Trainee: 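Questions regarding the structure given below will be posed in turn.
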2 protein chains.
Amino acid sequence: MQANDDVLVAAPARRPGRRRDASKDDVILEATRQLIAERGYEGMTMDAVAERAGTGKATVYRRWPSKVELTVDAVICGRQFILTIDDVPDTGSLRSDLMSIRGAARGSRNDELMHGLHQAARVDPQVAAVFHEQFVIARTALMRALLERALHRGEIAPGRDLDMIATVAPAMIAYQKVVAGGKAGPDYIERMIDHIIVPLATGSVPAAE
Amino acid sequence: MQANDDVLVAAPARRPGRRRDASKDDVILEATRQLIAERGYEGMTMDAVAERAGTGKATVYRRWPSKVELTVDAVICGRQFILTIDDVPDTGSLRSDLMSIRGAARGSRNDELMHGLHQAARVDPQVAAVFHEQFVIARTALMRALLERALHRGEIAPGRDLDMIATVAPAMIAYQKVVAGGKAGPDYIERMIDHIIVPLATGSVPAAE
DNA sequence: TCACAGCGAGACTCAGGGGTTCCGGAACTG
DNA sequence: CAGTTCCGGAACCCCTGAGTCTCGCTGTGA
């Protein structure tokens with residue numbers, strides 16, 4: 001879906017004329033991601049994208065036919081920042097596994113991107129699909145995999161609803177960020193891990209303060 | 001803040017002319033709430049509000065100076081639908097208390113209103129304040145009060161972080177509604193109560209299926 | 001009866017933003 | 001060189017929606 005290469009495919013012999021600068025793609029996509037994170041989807045104007053990318057609007061529209069398609073591509077190409085179970089080394093316990101990704105969940109501006117993208121997801125079904133895949137499915141899947149790992153270690157108490165538990169952390173973090181309008185800092189996340197997630201999964205009483 | 005009555009206050013002797021129809025206020029506010037719930041804040045146009053209220057745009061603007069102020073008033077006047085601890089009779093256990101409000105949390109279109117209002121909260125600080133008060137503070141406070149009641153009954157296990165636990169249910173429901181774009185049906189909420197909230201608070205193992 | 005104010009309807013202004021087009025210049029092919 | 005394509009910049013079209021105004025009508029107090 002990224003940029004048009006139909007003609008190149010159809011005619012491998014290179015056509016005359018200046019070649020399209022492929023590096024501009026990344027610059028435009030990154031500018032798009034930044035602006036969505038900063039101002040939300042409605043606040044992200046095509047003029048602003050072009051200006052921040054240091055390009056003309058025509059250059060943007062030569063590569064993407066509309067704002068929606070640009071948005072979709074920008075988010076898809078940003079998925080490199082999303083953690084999967086393979087990115088999280090086994091540290092030996094559920095708690096330390098969770099603590100090890102505590103920073104990553106906050107460090108990237110992925111949460112701001114999620115926040116800004118959210119309103120677009122309500123308007124356009126295409127965006128909604130990408131949003132759901134990348135910010136709902138992916139995060140729940142990671143949590144589910146970490147719980148599975150803990151299960152194999154024997155950490156999980158019997159009778160636990162792992163699917164349900166896997167949604168708790170994504171829900172609480174997204175809620176803090178998107179709905180409550182607050183910050184989900186490292187201390188908040190640690191508190192959540194120690195008083196909510198680990199007790200839920202292992203049935204242990206949280207350590208006294 | 002509702003409607004202008006400055007002149008009436010300044011000159012108690014009634015002026016000539018047709019009197020403002022006070023019943024129109026409620027009709028307009030209700031139309032506003034409906035449209036925000038259905039289409040979101042951006043999708044709620046002043047023309048649509050006037051049309052649904054069966055009134056002219058001038059009538060709307062005679063009473064509220066702007067879209068933002070109308071929105072704020074509409075939400076504030078809708079707070080009658082918000083549950084407080086006094087609305088929830090003590091049923092004898094945390095679980096049955098929670099189950100008793102399960103329907104109410106879903107029945108009213110309050111969740112849709114929250115969803116639609118959310119984008120407006122990002123744009124306008126006035127709306128953000130009302131939103132936070134009514135959909136974040138109020139819900140967490142109700143949960144906190146229910147947990148407190150359970151504590152006095154002796155249901156709560158030692159060492160629990162009640163403030164943290166009080167945010168779990170609002171977070172998960174809002175997440176389902178607003179972020180995940182799904183439905184938080186009665187069965188989902190029951191599952192959440194039995195596998196998340198009650199175990200967290202009481203330390204009990206959820207009943208096997 | 002008459003002046004005045006609220007009423008619904010609809011035309012109107014104005015600003016912002018998506019999308020298009022044109023321009024002069026630069027890069028590439030042959 | 002010619003022809004072609006991309007580039008940044010900027011002007012431009014056009015639709016949408018907030019907010020204003022006018023019109024003809026309906027009540028209401030003096």
Side-chain angles (χ1 to χ4, degrees), chain A residues 3-8 10-28 31-32 35-36 39-72 74 119-120 123-124 126-127, chain B residues 3-8 10-28 31-32 35-36 39-72 74 119-120 123-124 126-127:
Chain A
N4 297 342
D5 50 358
D6 321 344
V7 190
L8 283 171
R14 188 145 81 220
R15 296 164 305 161
R18 181 173 177 172
R19 274 162 305 181
R20 183 175 293 181
D21 182 355
S23 72
K24 290 283 166 59
D25 281 2
D26 294 328
V27 178
I28 294 171
T32 304
L35 286 164
I36 292 176
R39 312 182 190 174
Y41 179 75
E42 310 282 347
M44 182 266 286
T45 69
M46 297 301 268
D47 294 79
V49 168
E51 184 185 351
R52 179 161 307 189
T55 183
K57 267 209 303 183
T59 301
V60 177
Y61 276 102
R62 195 175 294 117
R63 295 158 193 241
W64 291 275
S66 73
K67 180 177 178 178
V68 166
E69 308 237 11
L70 171 61
T71 303
V72 169
Q119 47 185 308
V123 173
D124 185 272
Q126 220 179 334
V127 177
Chain B
N4 297 341
D5 51 357
D6 321 343
V7 190
L8 282 171
R14 188 145 79 220
R15 296 163 303 160
R18 183 174 179 173
R19 274 163 304 180
R20 184 175 294 180
D21 182 354
S23 72
K24 290 282 166 62
D25 281 1
D26 295 328
V27 178
I28 295 171
T32 303
L35 286 164
I36 292 176
R39 312 180 191 175
Y41 179 76
E42 309 282 348
M44 182 266 288
T45 69
M46 298 300 269
D47 293 80
V49 168
E51 184 186 352
R52 177 160 309 188
T55 183
K57 266 209 304 183
T59 301
V60 177
Y61 276 102
R62 195 175 295 115
R63 295 157 194 243
W64 291 275
S66 72
K67 179 176 177 178
V68 166
E69 308 238 10
L70 171 62
T71 303
V72 169
Q119 48 186 309
V123 173
D124 185 89
Q126 221 179 332
V127 178

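For clarity, every value in this text was computed on a predicted model and none was experimentally measured. A, B, ... follow the sequence lines: proteins, then strands. Residue 1 opens every chain.
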Trainee: Of the non-hydrogen atoms in B:K67 and B:E42, which two are nearest, and what is the gap between them?
Mentor: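 Closest approach of B:K67 to B:E42, heavy atoms only: NZ-O, 4.1 Å.
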
Trainee: Using every non-hydrogen atom in the two residues, find where A:D124 and A:V127 come nearest and quote the distance to one decimal.
Mentor: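 Between these two residues, the closest heavy atoms are OD1-N, 3.0 Å.
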
Trainee: How do B:Y41 and A:A50 order along DNA chain D: which one's closest nucleotide is nearer the 5' end?
Mentor: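 It is A:A50 whose nearest nucleotide is closer to the 5' end.
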
Trainee: Heavy atoms, side chains only, cut-off 4.5 Å: are A:R63 and A:T59 in contact?
Mentor: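 With C-beta onward as the side chain, the pair touches.
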
Trainee: A:K57: which residues meet the salt bridge (charged side-chain N to carboxylate O under 4.0 Å, His left out) condition with it, sequence neighbours left out?
Mentor: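 For A:K57 the salt bridge (charged side-chain N to carboxylate O under 4.0 Å, His left out) partners, ignoring immediate neighbours, are A:D47.
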
Trainee: To the nearest Å, give me how far apart CH2 (B:W64) and P (D:dT20) are.
Mentor: 16 Å

Trainee: When the distance from CZ of B:R20 to P of C:dG8 is rounded to whole Å, what number comes out?
Mentor: 12 Å

Trainee: Report the distance from atom CG of A:D47 to atom P of C:dG19, rounded to the nearest whole Å.
Mentor: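 Taking CG of A:D47 and P of C:dG19, I get 11 Å after rounding.
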
Trainee: Find the distance A:M44:CE to C:dG16:P and express it as a whole number of Å.
Mentor: 19 Å

Trainee: Could you tell me how far apart B:R63 (CZ) and D:dG19 (P) are, to the nearest whole angstrom?
Mentor: 17 Å

Trainee: From the options C:dG6, D:dA18, C:dG8, select the nucleotide whose nearest atom is closest to the side chain of B:T59.
Mentor: C:dG8

Trainee: Quick one: closest heavy-atom pair of B:A120 and B:Y41, and the distance?
Mentor: CB-CG, 3.2 Å

Trainee: Given atom CE of B:M46 and atom C1' of D:dG17, what is their separation to the nearest angstrom?
Mentor: 11 Å

Trainee: Are the side chains of B:I28 and B:W64 in contact, using a 4.5 Å heavy-atom criterion?
Mentor: yes

Trainee: Determine whether B:L70 and B:M46 make a side-chain contact, defined as any pair of heavy atoms from C-beta on separated by less than 4.5 Å.
Mentor: yes

Trainee: Have a look at the helix from C:dT1-D:dA30 to C:dG30-D:dC1 and give the angle its two end axes make, five pairs each, rounded to 10 degrees.
Mentor: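 Comparing the first five pairs with the last five, the axes sit 10° apart.
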
Trainee: Return the value, rounded to whole Å, for the distance between atom NZ of B:K24 and atom P of D:dT26.
Mentor: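 Interatomic distance, NZ of B:K24 to P of D:dT26: 14 Å.
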
Trainee: Which whole-number value in Å describes the distance from B:I28 CD1 to C:dC7 C1'?
Mentor: 11 Å

Trainee: So if I define the base as every atom that isn't primed, P, OP1 or OP2, how would nucleotides 20-30 of chain C read as a B/S/- string at a heavy-atom cutoff under 4.0 Å?
Mentor: BB---BBBBS-

Trainee: Where is the tightest heavy-atom contact between B:R39 and B:A48, given as atom of each residue plus distance?
Mentor: NH1-CB, 3.7 Å

Trainee: Restricting to non-hydrogen atoms, name the atom on A:G40 and the atom on A:Q119 that form the minimum distance, rounded to 0.1 Å.
Mentor: CA-NE2, 3.5 Å

